[in-house]
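Some notes on the structure that comes next.
Remember, predicted model here, so these are calculated numbers, not experimental data. Whatever order the structure lists ligands and atoms in, that order sets their numbers, starting from 1. Residues: numbered from 1 along the sequence shown. The basis for the numbers below is simple: all heavy atoms, side chains too, and nothing from hydrogens, waters or symmetry mates.
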Amino acid sequence: MAKSILIVEDEEQIVRVVRAYLEQAGYEVLVARNGPEGLMRVRQQRPDLVVLDLMLPGMDGLDVCRAIRRESSTPIIMLTARAEETDKLIGLEIGADDYMTKPFSPRELVARVRAVLRRVGGDEPAETLIRAANVEIDLQAHTVLVQGQQVDLTPTEFDLLVAMARHPGRVLSRAQLLDATLGEVYEGYERTIDVHIKNLRRKIEPDPRAPRYIQTVYGVGYRFQETP
Ligand code: CA
């Protein structure tokens, strides 16, 4: 069964990015928008780990963290807005398992979540390898083999390929693909995806002008072909 992660955060953009990354990594994601709701969800839904922002409406992250600690040993990763806050929190020894300072890389957060869960004895999500058509993606080593040949991809190209190859045959819109790469694509323009797709095709397609793996679905987006 997938491990569940509760995000307690009121900033919509951060919730959106962190949720996308955690779900892509195979976790079930719960969200609370303020301190009291966060505490309630910890009590009722018993997540395997909590990503807890420091600045929250209603009840700040510090108090939420202390309240959780009084009742359970649920792992907690705290998010803070400034490095000085992180230093202060570590000094306070409020019982969080790890800290990240904003802005942070969502990929790094996923790595920390994995590390903390591993430390407390939880199992990692089983998925480490994606095989689709002649493409093999190692999610931990971050390597891609196409017909047995390793290809070097940028982090954005890697994320795009993973998003598509995970569900061969399913059409993904540019907005969905943008979500899957939000850690890298700050411009926010959906057409940016087209440029990355073009580069990705150049690297993995035998003939980029007649793509075998990544197909364009006109007016919708792209899809990874299972049987090219
Ligand atoms: Ca906040």
Side-chain angles (χ1 to χ4, degrees), residues 2-120 122 125 155-156 159 163 175-189:
K3 295 272 170 188
S4 61
I5 314 290
L6 171 65
I7 307 168
V8 189
E9 168 66 281
D10 57 316
E11 279 170 75
E12 196 48 46
Q13 173 74 356
I14 292 182
V15 170
R16 205 163 71 91
V17 174
V18 170
R19 180 203 280 273
Y21 269 77
L22 287 172
E23 285 180 351
Q24 197 172 64
Y27 296 106
E28 184 197 332
V29 176
L30 312 165
V31 177
R33 314 280 173 177
N34 58 54
E37 189 195 350
L39 197 53
M40 187 194 78
R41 286 190 185 275
V42 169
R43 287 173 178 153
Q44 292 180 350
Q45 297 179 292
R46 311 221 160 262
D48 293 293
L49 184 145
V50 182
V51 175
L52 177 61
D53 187 39
L54 181 63
M55 298 296 286
L56 290 168
M59 179 182 184
D60 77 17
L62 213 61
D63 291 335
V64 176
C65 186
R66 288 199 179 104
I68 294 172
R69 271 295 157 274
R70 277 197 292 271
E71 301 168 13
S72 75
S73 57
T74 307
I76 299 169
I77 298 179
M78 295 280 300
L79 304 178
T80 72
R82 291 194 308 272
E84 307 89 79
E85 284 177 355
T86 305
D87 293 345
K88 200 173 131 208
L89 288 180
I90 291 168
L92 285 174
E93 291 179 352
I94 56 168
D97 297 82
D98 204 350
Y99 301 86
M100 290 202 82
T101 307
K102 294 175 185 175
F104 57 86
S105 140
R107 200 175 281 122
E108 173 66 20
L109 178 63
V110 171
R112 301 275 190 101
V113 165
R114 278 213 184 92
V116 170
L117 285 175
R118 200 181 302 132
R119 214 156 63 208
V120 300
T156 302
D159 289 344
Q176 285 172 318
L177 290 170
L178 199 61
D179 262 356
T181 61
L182 255 174
E184 305 295 326
V185 186
Y186 291 109
E187 304 96 305
Y189 294 116

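- Within D10, the N, O or S atom lying nearest to the Ca ion (ligand 1) carries the name OD1.
- Side-chain contact between E9 and R33: absent, with no pair of heavy atoms (C-beta onward) separated by less than 4.5 Å.
- Distance check, rounded to the nearest 0.5 Å: CZ of R70 to CD1 of I68 gives 10.5 Å.
- Nearest approach of A25 to R114, heavy atoms of both residues: CB-NH2, 3.8 Å.
- Take the N/O/S atoms of E9: the one nearest the Ca ion (ligand 1) is OE1.
- Residues L117 and I5 form a side-chain contact, since some pair of their non-hydrogen atoms from C-beta on lies under 4.5 Å apart.
- Of all N, O or S atoms in D53, the one lying closest to the Ca ion (ligand 1) is OD2.
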